[in-house]
Structures are given as structure tokens and as C-alpha cells.
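Chain naming here is simple, since letters A, B, ... match the order of the sequence lines and numbering starts at 1 in each.
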Amino acid sequence: MKQQIVNLVHDALKKLQYPVPDSIKCDYPKIEAHGDISTNVAMLLTKELKQPPRKIAESIVEKLRENSNDIKEIQIAGPGFINFFFTEDYFKRNIKTIIDQNEQYGKSDLLRGKKANVEFISANPTGPLTVGHGRNAVLGDTIANFLEWSGSEKVDREYYFNNAGRQMRVLGESVRLRYLELLGDPVDYSDEYYQGEYIKDIAQQLIDEHGISLKDEPAEGTFKAAAEAAIFTEIQKTCERLGIKFDHFYNEQSLYDNGYVEEVINLFREKNLAYDKDDAVWLKASELGIEQDRVIVKSTGEPTYRLPDIAYHREKFRRGYDIIVDILGSDHHAAYPDVLAGVKALGYDDSKIKVVLYQFVTVLRDGIAVKMSTRKANYITLDELIEEAGPDVVRYFFLMRSPQSHLNFDLDLAKQQTEENPVYYLQYAHARIASILRFAVSSSQEFGWNYTEGDELSGEQLGALQEKEEIDLAKRLEQFPEIVELCTNSYEPHHMGTYLTDVAMHFHKFYHAHRVITTEHARSLARLSLCRATKIVIAAGLNTLGISAPDKM
RNA sequence: GCGCCCGUAGCUCAAUCGGAUAGAGCAACGGCCUUCUAAGCCGUAGGUUACUGGUUCGAUUCCAGUCGGGCGUACCA
């Protein structure tokens with residue numbers, strides 16, 4: 001609908017030989033009296049045309065009237081808005097479209113032919129996923145969903161991890177010390193080691209399997225490997241509870257094993273973008289738009305995180321992805337420009353990389369902020385949260401806010417008041433419709449007609465929809481494809497939640513104002529069509545967010 | 001110090017490249033179930049969009065400054 005107006009306005013401007021402003025804005029007005037779509041184009045042209053906006057609007061409207069089919073009325077209002085009112089028939093026909101397209105409704109080919117890679121979580125396997133990872137996980141998975149809905153040819157969900165760094169050495173040593181401790185050896189378990197109980201569990205597991213035979217093993221060997229395997233298994237289980245499945249686990253170590261890291265250094269040297277100083281290797285970041293040069297290989301011979309990160313992103317390009325999405329916590333905001341500058345310097349188009357930065361989650365326990373630290377074991381695990389609130393609530397909670405919004409997660413509220421959680425509002429509307437459809441099957445005879453599953457699908461009786469609540473609802477349903485597009489383009493899934501709340505609200509209003517199943521056969525079928533279409537949209541919307549749409553609650 | 005994000009109803013948050021009368025949920029108060037799910041609906045109350053200035057037809061949105069919070073500012077990731 002919006003696109004239709006944009007095209008019409010463009011045509012009109014062309015006919016009038018008016019300049020076309022960079023961005024013509026078409027909005028859904030907040031107020032009903034302002035029509036279904038509103039544009040500000042006339043006001044944008046006042047300066048260039050040196051005419052009052054209302055006068056410009058008049059001449060545009062004149063041209064618009066020539067080819068208005070679904071448009072009932074065009075008004076000029078306020079300082080110079082042009083407001084479009086669509087015919088009710090247009091929205092009714094769309095109900096039929098929704099029913100016909102069913103699960104395909106809202107899908108588009110916006111990203112046809114594009115291969116996408118969405119990298120998210122990417123936590124090193126040193127401990128269980130925390131609430132903070134939860135936001136990352138849900139955002140990444142959902143953004144991937146939207147890319148799929150918008151026609152991306154292939155969307156790979158990817159988890160990048162490092163099992164070779166200092167953290168992992170400390171982890172191995174932690175397990176080794178707990179192992180010795182459990183065997184009765186005196187150990188000094190200082191707070192530099194991982195404090196979580198899960199370390200003891202892994203150590204106990206090793207005792208069960210190997211007895212005391214590992215006493216003289218180095219931390220780097222069996223201990224580290226066992227810890228990594230155990231923790232990774234748990235991480236994957238946690239993800240599965242949220243309905244998240246990865247296509248690839250990409251190991252940072254493989255970048256070294258395959259020589260890619262070395263290649264990148266050499267490429268930088270060839271391009272004269274790397275040099276040696278103080279026993280370290282430096283990247284001439286200052287020539288790439290960064291304030292100062294950065295170390296990429298430390299004097300110890302170990303690379304800094306930048307180097308493998310650049311090599312990794314180079315691999316993403318070389319693997320043929322057109323859309324590369326990184327989901328990062330705000331603590332990484334200083335790091336990724338180096339990586340972008342690096343891959344750009346290697347000749348890749350860094351505009352294909354979209355970095356989604358989300359702000360931190362503050363967890364409130366008993367009203368007090370909990371400081372998160374995996375090492376200190378001072379965290380709330382994602383598992384605990386899923387256990388308490390359920391996967392749908394957890395997903396919705398993380399998705400109902402914009403990524404750049406700081407998020408307070410009140411644990412007590414999440415645990416105690418799940419009954420009041422807004423996600424139930426949406427699911428309830430869906431379940432209610434399912435119930436109505438069941439009722440039609442079981443009880444239509446009592447109203448003097450015989451319904452069989454699917455009678456409403458023809459949409460022939462839609463003319464019987466005349467009530468305000470019916471049309472209001474139909475109008476909301478018509479917006480769904482544009483909301484999918486908005487979520488895709490903005491990488492901000494929360495718009496879908498806001499939209500679905502609006503749809504559910506208008507459904508509930510309709511439901512309370514009018515009975516669906518009555519003795520009037522045609523009208524009942526028309527309302528069943530409206531219900532069916534609403535059910536499709538709510539289910540689809542919840543589906544994009546990875547949330548279930550129950551038929552019964 | 002400098003950089004990024006944020007500050008909107010009592011609380012948690014929306015507001016689609018600057019649009020017309022700033023919206024939901026929760027909490028509060030008052031109504032609505034012998035008819036398709038009351039996890040719902042209707043109504044009331046709640047705001048100087050942190051503050052001050054600026055830009056213009058128009059600012060929650062853009063700019064400058066102030067105050068407050070978060071995260072960074074490494075040869076940690």
C-alpha cells in the first residue's frame with residue numbers, strides 16, 4: 001500500500017515536472033481522521049518551488065486523482081499533508097489474499113539471490129550462557145529469520161569460538177585443580193580461576209571416568225578438552241531450548257591451522273600496511289581511518305584478537321556471503337571498526353557487513369543490579385531463565401525492545417508475573433481464533449447452517465464485513481508484509497512485537513463487539529474469513545520471532 | 001579526559017530518514033462472564049519527552065552545552 005502511494009506520488013511529480021525530494025515520506029498516520037497513508041511531500045517542496053505547501057499539495061492531488069483505483073479519497077490537511085483514504089474493498093480483498101497465500105503471506109523476494117551469514121553468541125566455551133548471551137542469541141536467530149522471510153537464498157547461522165586462548169588455558173587449569181582437590185590434594189584455588197560449580201562437576205566426571213590416572217596430566221590436555229566438550233554440549237542444549245540451531249561452528253583455531261592468519265599478515269605486508277616495531281607487528285590503522293595504529297601480533301608472538309577476526313571476516317567474504325551480520329554487545333563497539341577497516345584494506349566491500357550492536361542487559365535480583373562475570377560465577381544463566389519463564393517469554397522479552405535500548409531484566413518480575421507477560425496477549429488471540437474455528441465445526445448446525453472446515457476460504461462473502469472493528473482489523477492485517485520488510489531492513493525485530501500487539505488488540509476489540517457465529521450464514525462466513533486471516537498473520541508474526549502460536553491455552 | 005549508547009506515565013519500554021492530539025504493557029481505581037476462551041473488553045487517572053539554548057512551517061527525533069546512567073578507550077577478547 002505504501003509503495004503504491006510512493007509510486008503514484010512519483011508519477012504525479014514527474015507529470016508536474018517538480019523535483020523529486022530524496023526521500024518522500026509516507027506514513028501510517030496516528031490519527032484515523034488523517035487517512036490510511038499520509039505524505040509530507042508538498043511540505044518538502046516549499047523551498048524549491050517557493051509556493052505555500054497547501055498550494056503545491058493541490059496541484060499534486062489534481063494529478064493523483066487521474067489514476068486512483070483503490071483510493072477512496074484524497075485530502076489536503078494541516079500545514080500541507082496529503083492524506084489518502086483507501087476503499088474498504090481494498091482491505092477486504094486483502095483478506096482473501098492472506099487466506100490464499102496462507103503461510104507465504106508476508107514473504108518477499110527482497111533479498112533474492114543473496115547469501116547471508118549471521119554470526120551470533122560466539123562465546124568461548126568457558127562456562128554456561130548467561131542472560132546477556134540470551135539477548136545476543138535471540139536477536140541473532142530472529143534477524144536470521146527475517147532474512148529468510150525476505151527471500152535470502154541461504155541464511156547460515158554461525159557460532160565463532162576460540163578454544164586456544166588464555167581463557168581456555170585458565171579453564172583447563174581450573175578443572176585440573178578441582179580434580180586434584182576432589183582427590184584430596186591440597187590446592188590453592190585463587191580467584192583467578194573459574195569459580196562456578198560446573199568446574200567441579202566436570203572434574204568429578206573425569207574422576208568417574210579416569211579415576212586418579214590423570215593426576216600428572218597437564219592442564220592443556222585432557223582437562224581442557226573435557227571442559228570444552230562438556231560446556232559446549234550444555235551451550236548447544238541451551239540454544240535448542242530456545243529453538244536455535246546453528247549451521248556452522250567456526251573454530252578460530254582453524255584459521256591458524258589453515259594458514260589464513262599468516263596469509264593476512266603477508267597481505268598486509270605486501271600492501272605496506274604492516275610493520276615491525278618493539279618486537280610486535282603493527283597494522284597501519286591510521287592510514288585506514290582509525291586514530292592510531294594497532295598491534296596485530298604481540299611481542300610474545302601471539303596475535304591480538306584483531307588479526308584472527310580480520311582473517312575470519314575475510315573468510316566470510318571468500319565463502320561467498322553477500323550479507324554478513326555480526327551481533328555484538330556494546331562492549332565490542334570499539335573493536336569492530338578495526339576489523340572493518342582491515343577487511344576493507346584487503347579489498348573487500350565492508351558495506352556488506354552489518355554490525356548489530358545491542359546494549360547490555362542489567363539483571364535485577366531483589367531490585368539490585370547483578371554484576372556479570374563468568375569467571376567469578378556471578379551470573380544468572382540463560383537456562384535458569386528459560387526454566388523459570390519458558391522459552392516463548394524469554395524470546396519475547398529480549399525481542400520487545402530495540403537493540404540499542406538498555407534493558408533491565410527484573411528476575412522477580414519475570415519469574416512471578418509470567419501470567420501477565422505481554423506475549424500471552426498475542427498467543428491468547430491466536431488460541432481464541434482457533435477456538436472459534438473449532439466451534440464453527442462443532443456447533444454451526446445449531447445456528448441453522450452447516451460449516452465444514454474451510455468453507456470461509458473462498459472469501460466470497462467478504463462484502464458482509466461492514467463494522468468499524470472489522471475494517472480496522474483488516475487494515476492492520478494489510479500492514480504485515482511491510483512490517484516484515486521494516487524488521488529486515490532495520491535489523492530491529494522489536495517492530496514486529498509492537499505490530500502484533502496492535503493486531504491482537506484490534507482482534508480482541510472486534511471479538512467483544514461482534515459475534516462470529518450467528519444465524520446469518522453469509523456474515524458468519526465473512527467473519528470466519530477475517531478470523532482465519534488474523535490467525536494466519538499472528539501465527540506468521542510469532543513465527544518470525546521464533547515464538548509458538550498455540551491453538552489452545 | 002576522549003568515544004559510543006541511553007535518559008519518554010509510578011515501573012518496563014514504543015513512537016518506521018523531523019510530522020498533525022507522544023502510545024502500549026504492568027501497577028492503581030471503577031464497570032463487564034446463563035451466547036464463539038474474562039490470559040479478554042470498556043472507562044478513569046497518570047507527561048514541561050532529564051535540563052538550557054539553537055536550527056524551521058513543524059523537534060521525543062537534528063545541533064551545542066549541562067546533569068545523570070551504561071559500555072569502551074590495551075601488546076585482554
Side chain of [X] only, heavy atoms from C-beta on: which candidate in [options] is closest?
X: A/H512; options: B/G40, B/U35, B/C75; value: B/G40
X: A/D278; options: B/C75, B/C36, B/A77; value: B/C75
X: A/Y428; options: B/G72, B/A38, B/A20; value: B/A38
X: A/Q404; options: B/G3, B/C5, B/U21; value: B/C5

Considering non-hydrogen atoms only, spot the tightest contact between A/N163 and A/K224 and give its length.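 Smallest interatomic distance, heavy atoms only, reads O-NZ, 2.8 Å.
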So, does A/R306 get its side chain near the phosphate of B/C76, meaning an N or O under 4.0 Å from OP1 or OP2?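 Checking A/R306 against B/C76: no side-chain N or O falls below 4.0 Å of OP1 or OP2.
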Judged by each residue's nearest nucleotide on RNA chain B, which is more toward the 5′ side, A/N83 or A/S435?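 It is A/N83 whose nearest nucleotide is closer to the 5' end.
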Of A/A429 and A/W282, whose nearest nucleotide on RNA chain B comes first from the 5' end?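 Mapping each residue to its closest nucleotide by heavy atoms, the 5'-most match is A/A429.
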Please give the nucleotide sitting opposite [N] as a Watson-Crick or G-U wobble pair, both distances under 3.5 Å, or none.
N: B/U35; value: none
N: B/G58; value: none
N: B/G3; value: B/C71
N: B/C26; value: B/G10

Would A/R432 pass as a cation-pi partner of A/F507, given that its NZ or CZ must be under 6.0 Å from the six-membered ring centre and within 45 degrees of the axis?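 That pair does not qualify as a cation-pi contact.
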Give the C-alpha distance, both sets of side-chain angles, the deciding distance and a yes or no for side chain to side chain contact (heavy atoms under 4.5 Å, CB included) between A/T362 and A/F360. CA-CA 6 Å; A/T362 306; A/F360 267 28; 5.6 Å; no
My understanding is that only one of A/L45, A/L13, A/L44 makes a side-chain contact (heavy atoms from CB on, under 4.5 Å) with A/P19; could you say which?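 When A/L45, A/L13, A/L44 are each tested with A/P19, the side-chain contact (heavy atoms from CB on, under 4.5 Å) holds only for A/L45.
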Look at all strands and tell whether A/K552 reaches a base, only sugar-phosphate, or nothing, counting heavy atoms closer than 4.0 Å.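 Base: the residue A/K552, judged by heavy atoms under 4.0 Å, touches a nucleobase.
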How is A/Y511 classified with respect to the nucleic acid when contacts are heavy atoms under 4.0 Å: base, sugar-phosphate, or nothing?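 Result for A/Y511 = base.
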Using the C1' atom as the reference point in each nucleotide, state the distance between B/G18 and B/C13 in Å, no decimals.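 Looking at atom C1' only, B/G18 and B/C13 are 22 Å apart.
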Return the stacking result for B/A20 and A/H34: yes when the ring centres lie under 5.5 Å apart and the planes under 30°, no otherwise.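 Stacked: ring centres under 5.5 Å, planes under 30°.
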Base B/C13 to side chain A/S405, donor-acceptor N/O within 3.5 Å cut-off: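 Donor-acceptor pair under 3.5 Å: no.
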Starting from P on B/C75, measure out to NZ on A/K277 and report it in whole angstrom.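 For the pair A/K277 NZ and B/C75 P, the rounded distance is 10 Å.
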